[in-house]
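The structure under discussion appears below in the form of structure tokens.
Proteins come first, then strands; the chains are lettered A, B, ... in the order of their sequence lines, and each starts at number 1.
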Amino acid sequence: MSAPTVEAAVPLVTAAEEKVAAATQLQLTWWRFRKHKLALASGVVIILFYLGALLADFLAVTNPHTTEAARSYIPPQAIHWFDEDGSFKPHVYALKGRRDMRTFKLVYAPDPADKRYLTLFAEGYSYTLLGVFETNRHLLGLDRDKPEDALFLLGTDQLGRDLWSRLMLATRTSLTIGLIGVTLSLFLGVLLGGLSGLYGGVVDTVIQRVIEILRSIPTIPLWMGLAAALPNTWSVTEVYIAITVIISLIGWTELARVVRGRFLALREEDFVTAAELAGASRLRIIFRHMVPSFLSHIIAAISLALPAMIISETTLSFLGLGLRPPAISWGVLLQDAQNIQALGIAPWLLIVAVPVIIVILAFNFLGDGLRDAADPYG
Amino acid sequence: MAEPILSVRGLETFFRPDEGIVRAVDGASFDLHPGQTLGIVGESGCGKSVTARSILRIVDRPGRVESGEILLRRADGQVVDIAKLDAKSALLRDIRGGEVGYVFQEPMSSLSAYHTIGNQLMEAIRLHRDVSKADARARAIELLRMVGIPRPEQRVDSYSFELSGGLRQRVMIALALAAEPRVLIADEPTTALDVTTQAQILDLIRRIQRERNLAVILITHDMGVIAEMADTVAVMYLGKVVETGPVDTIFHAPRHPYTQALLRSIPSVLATPLSRLATIAGSIPHPYARPPGCPFHPRCESFIAGTCDAGAPPVTGLAADHEVRCFLYDDAGTRRA
Amino acid sequence: MSAQPPVLAVENLKKHFPIRRGVLRRIVGHVKAVDDVSFAIARGETLSLVGESGCGKTTTSRCILRAVTPTSGAIRFRSGEGRDVDVAALPRSELRPVRRQMQMIFQDPYSSLNPRMTIADIIGEPLLVNGIGNLAERRQRVAELLDVVQLPRAYLNRFPHAFSGGQRQRIGIARALALNPQLIVADEPVSALDVSVQAQIINLLLELQERLGLSYLFVAHDLSVVKHVSHRVAVMYVGRIVEVAPTATFFRNPRHPYTEALLSAVPVPDPRRRAQRIVLEGEVADPSNPPPGCAFHPRCRYADERCERVTPTLQPAAGGSLVACHRAAELNLVGVAAA
């Protein structure tokens with residue numbers, strides 16, 4: 001060449017600049033995401049919740065299905081951290097039954113004289129941990145457990161079931177229903193949205209009209225209709241699966257729109273045209289050039305779709321259209337809090353709403369953070 | 001020459017984003033006289049637009065005018081320092097539009113799509129002049145006619161998206177002139193336009209300038225536009241004004257190595273077909289990574305090791321109206337060996 | 001032109017985009033983006049296609065690459081092996097071998113490189129998808145291509161975000177050269193670059209042409225750049241070519257009034273040459289509803305009654321020009337010339 005390498009005239013870059021220069025998309029996204037402290041914290045919260053869902057039985061204290069009419073509506077027991085001598089010995093007061101002489105009902109009250117010490121890895125009801133290990137160990141339990149003693153961290157419901165333990169299992173149901181629902185919608189959304197954006201024309205028109213029709217149907221009546229169609233004879237698991245399918249049948253439309261929009265935008269990008277001119281096959285253009293460019297958008301869309309799914313399940317079950325007892329989910333638990341009289345006697349039933357709010361908020365913050373970080377070139 | 005209408009001294013406008021500090025304008029000084037055009041020319045990142053925006057104090061966050069004087073001689077002869085004015089003061093609002101008009105590069109985003117161009121013009125007129133609606137409308141039509149919009153009586157009621165790029169830029173100019181300012185700042189007014197439309201707009205600016213004795217600051221990256229329009233020129237590179245002088249001196253006797261190299265490297269319709277161009281090595285550094293000393297030194301052919309990369313060069317006066325910021329010239333303005 | 005057959009011969013190319021309205025998307029008219037365009041490019045030659053926005057120059061270039069399928073006309077491409085193909089008539093499945101020999105350089109150095117691929121992957125992609133060489137051979141070829149566009153080999157594993165506009169444009173050029181093409185369509189390759197970087201890229205394009213015998217179709221609106229890179233220049237106005245001429249003749253002796261006006265509008269970087277410009281009145285005609293006769297006649301200061309009725313066709317004129325103007329022979333138009 002006539003001229004020396006012109007760019008060599010630029011001073012050599014530092015190691016830090018080289019690191020940025022050779023950083024992949026994932027690294028750049030992570031560096032940007034790290035700056036969103038709220039989103040980062042939300043991510044941690046969500047991971048903790050899903051860990052909890054995974055270990056629901058381990059975190060539960062008593063069998064969430066065991067009913068005991070005599071123990072209905074026991075308020076949450078306070079944990080006392082220190083013994084009288086000042087040593088760290090967490091304990092609760094034992095519950096002492098006493099007959100109310102006006103109503104002749106058995107009323108439980110904590111008895112400060114009778115302490116029950118908490119232990120870690122206590123024995124309790126049997127379950128299968130992570131679907132593999134048969135065990136009866138639980139994270140928390142009472143020392144020298146007598147059958148009539150029990151630990152009610154969040155109190156009991158009308159049937160005397162431990163709310164804490166029920167909440168643990170409900171979290172598992174509700175969080176996984178969201179996950180499975182989103183997976184299904186993702187599959188439908190990416191497939192149909194992709195076809196729509198890629199082929200255009202008649203395919204696009206048909207899919208878009210279907211989406212519009214689906215979105216124009218009021219959701220609650222549709223759910224009611226579909227839920228009413230579920231046979232009463234179905235088992236809990238079958239209903240669970242049916243409900244996930246129903247929820248994702250509505251949920252895919254939003255994802256399909258995101259995918260279609262990205263496909264349409266990317267089709268016009270010069271680098272896609274360049275790949276086409278280079279002779280790249282259609283499959284390569286889609287999977288090497290287009291999909292990586294909107295993967296981050298999909299992840300962000302998912303993190304915003306998940307809370308919607310969770311809310312849908314909660315709403316359905318709350319209205320009695322979704323999961324039904326003996327299944328336990330957030331919606332099922334909140335159904336118990338529908339009755340104003342019950343709430344008057346046992347306001348702690350509303351505690352179930354707290355994890356719902358936390359999870360939904362965390363998902364939204366996470367989604368916002370991901371969306372902002374997703375496009376480091378934007 | 002008469003007193004300048006606008007005098008900028010040691011203007012510094014910095015941006016302080018999270019990543020560090022960007023010295024977008026790092027010590028700019030120039031004078032503007034009535035009826036004259038000052039061309040500010042430079043490449044991307046040189047700070048020419050920020051300079052213009054600093055004059056009206058409309059720099060976007062996180063940018064701020066840090067120091068320097070922006071002295072405006074008002075119609076009554078009183079001199080105000082715009083740099084010292086409170087950002088929300090009535091006087092500053094009065095100066096914007098009233099004394100200094102501004103034409104933006106992209107007319108589509110600078111005009112509202114929800115109001116007719118007539119309403120936007122009337123608003124601008126009534127903001128600075130106490131006139132009735134009917135009078136304002138008549139004046140709006142008059143303005144549209146002045147900027148060469150055909151059938152102004154009908155066009156006054158159209159929306160900006162109904163107009164072509166060239167007509168929109170004419171409306172922008174009408175808007176900037178609505179309150180009869182004495183200074184017009186045009187920030188890349190023709191960059192988004194085709195060459196024949198550019199010629200129309202440049203012609204229009206020149207005609208209005210002659211008619212109203214306007215002082216114009218023209219900001220552009222195009223040396224051709226500068227040669228056609230400017231009386232005096234300020235050449236900027238990475239926030240520094242590297243050379244100022246009369247247009248003929250800048251084009252025919254430039255002294256700063258950057259001005260010289262830039263003029264050699266621009267393609268011209270006068271060139272021999274298929275001839276090579278002289279190039280400037282390398283590319284413009286990122287604003288975060290501005291070289292120390294003279295910012296041009298890594299690309300400069302006359303680079304003096306140990307001098308140009310050590311400290312900022314001082315401003316040297318070569319003639320009464322010709323200044324250069326370069327170590328090659330000593331205090332007397334003669335070139336060092 | 002030379003006795004050698006041209007690399008590319010475009011004959012009567014038309015591209016009409018339908019205008020659809022209403023719920024039933026009925027066709028209510030056509031935008032005649034390209035309307036009966038013919039030209040040829042010889043081996044090693046640069047033809048510049050100039051005109052203002054909406055004149056059809058970009059659509060023409062996309063038709064040649066078959067990124068847009070033409071409405072009618074022929075695009076005869078002579079491949080390196082001396083085989084002639086009509087790109088306009090080829091089915092999609094047979095485009096690949098032809099496309100290897102025609103590549104493109106894009107205007108926007110930012111959107112033309114996939115931000116998620118390394119430089120090595122971007123430049124190597126044409127080799128990979130066409131099954132050329134093994135991994136090591138491809139790496140070697142990519143490194144050579146970086147030498148050709150004067151970028152250090154050390155940059156291979158970097159991503160596009162680490163580069164300036166000029167450097168990105170070099171990467172785009174290296175990708176276009178990967179398959180040893182005969183013809184490169186360059187769509188405004190320097191208009192998004194800073195002035196001081198433009199010159200580097202223009203010189204690089206000139207050098208590559210000399211070394212590799214490339215033919216360029218150079219689509220541009222900046223006549224100053226065009227003067228530096230072209231052997232011949234074609235001007236388009238509302239979908240038609242109104243003048244084609246060798247570069248020197250084009251600038252010195254324009255034959256079409258539109259060319260004269262374009263040349264007159266170009267700002268000359270010399271304050272001592274502030275000439276009286278011809279300022280065109282009005283706006284560019286609407287390509288969906290062009291005026292009858294010569295589309296330029298409403299803005300033409302030389303137009304007579306014939307221009308309003310009869311559409312002129314390209315006719316030979318002195319100096320090797322072809323011009324579509326009824327009054328070309330009688331007019332004495334002004335061009336630009338060095339002092």
- Task: Please report the closest heavy-atom contact between B:R155 and B:L167, naming both atoms and the distance.
- Result: NH1-CD1, 3.2 Å

- Might you point out which heavy atoms bring B:D321 and B:P246 nearest each other, and give the distance in Å? OD2-CG, 3.3 Å

Among [options], residue most engaged with chain B (heavy-atom pairs, under 4.5 Å):
{"options": "C:L262, C:L280, C:V225, C:V268", "answer": "C:V268"}
{"options": "C:L223, C:V229, C:V284, C:D270", "answer": "C:D270"}
{"options": "C:V195, C:D222, C:T46", "answer": "C:V195"}
{"options": "C:R272, C:H231, C:R252", "answer": "C:R272"}

Heavy-atom distances under 4.5 Å only: say whether [X] touches chain B with side chain, backbone, both or neither.
{"X": "C:S230", "value": "backbone"}
{"X": "C:E52", "value": "both"}
{"X": "C:I202", "value": "side chain"}
{"X": "C:V279", "value": "side chain"}

- Task: Sort out for me which residue in C:V233, C:V226, C:V336 forms a side chain to side chain contact (heavy atoms under 4.5 Å, CB included) with C:F250.
- Result: C:V233

- Task: Measure the acute angle between the ring planes of B:Y258 and B:H256, then classify it against the limits of 30° and 60° as parallel, tilted or perpendicular.
- Result: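 The rings of B:Y258 and B:H256 stand perpendicular, inter-plane angle above 60°.
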
- Query: Parallel, tilted or perpendicular: which describes the rings of C:Y258 and C:H256, with under 30° parallel and over 60° perpendicular?
  - Reply: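 Rings of C:Y258 and C:H256: perpendicular, over 60°.
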
- More than 12 heavy atoms of other groups within 6.0 Å of B:E162 CD: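 Yes, the 6.0 Å shell around CD holds more than 12 heavy atoms from other groups.
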
- Message: Is it true that, when you exclude B:E211 itself, more than 12 heavy atoms of the residues, nucleotides or ligands shown sit nearer than 6.0 Å to its CD?
- Response: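 Counting neighbours around CD of B:E211, more than 12 heavy atoms of other residues, nucleotides or ligands fall under 6.0 Å, so yes.
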
In terms of heavy-atom pairs under 4.5 Å with chain C, which of [options] leads?
{"options": "B:V247, B:L274, B:V195", "value": "B:L274"}
{"options": "B:P285, B:P273, B:A261, B:S164", "value": "B:P273"}
{"options": "B:R299, B:M223, B:Q200, B:H252", "value": "B:H252"}
{"options": "B:H286, B:H221, B:M229, B:Q198", "value": "B:M229"}

- Would you check if B:L204 and B:Q169 make a side-chain contact, meaning some heavy-atom pair closer than 4.5 Å?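 No. Closest side-chain heavy atoms not under 4.5 Å.
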
- Task: Could you check B:D222 against B:T220 for side chain to side chain donor-acceptor pair (under 3.5 Å), going step by step and ending with a plain yes or no?
- Result: CA-CA 5 Å; B:D222 187 334; B:T220 178; 5.4 Å; no

- Item | Interchain contact, B:I226 with chain C, by part (heavy-atom threshold 4.5 Å) |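 For B:I226, backbone heavy atoms alone lie under 4.5 Å from chain C.
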
- Applying a strict 4.5 Å limit to non-hydrogen atoms, the region of B:R264 in contact with chain C is neither

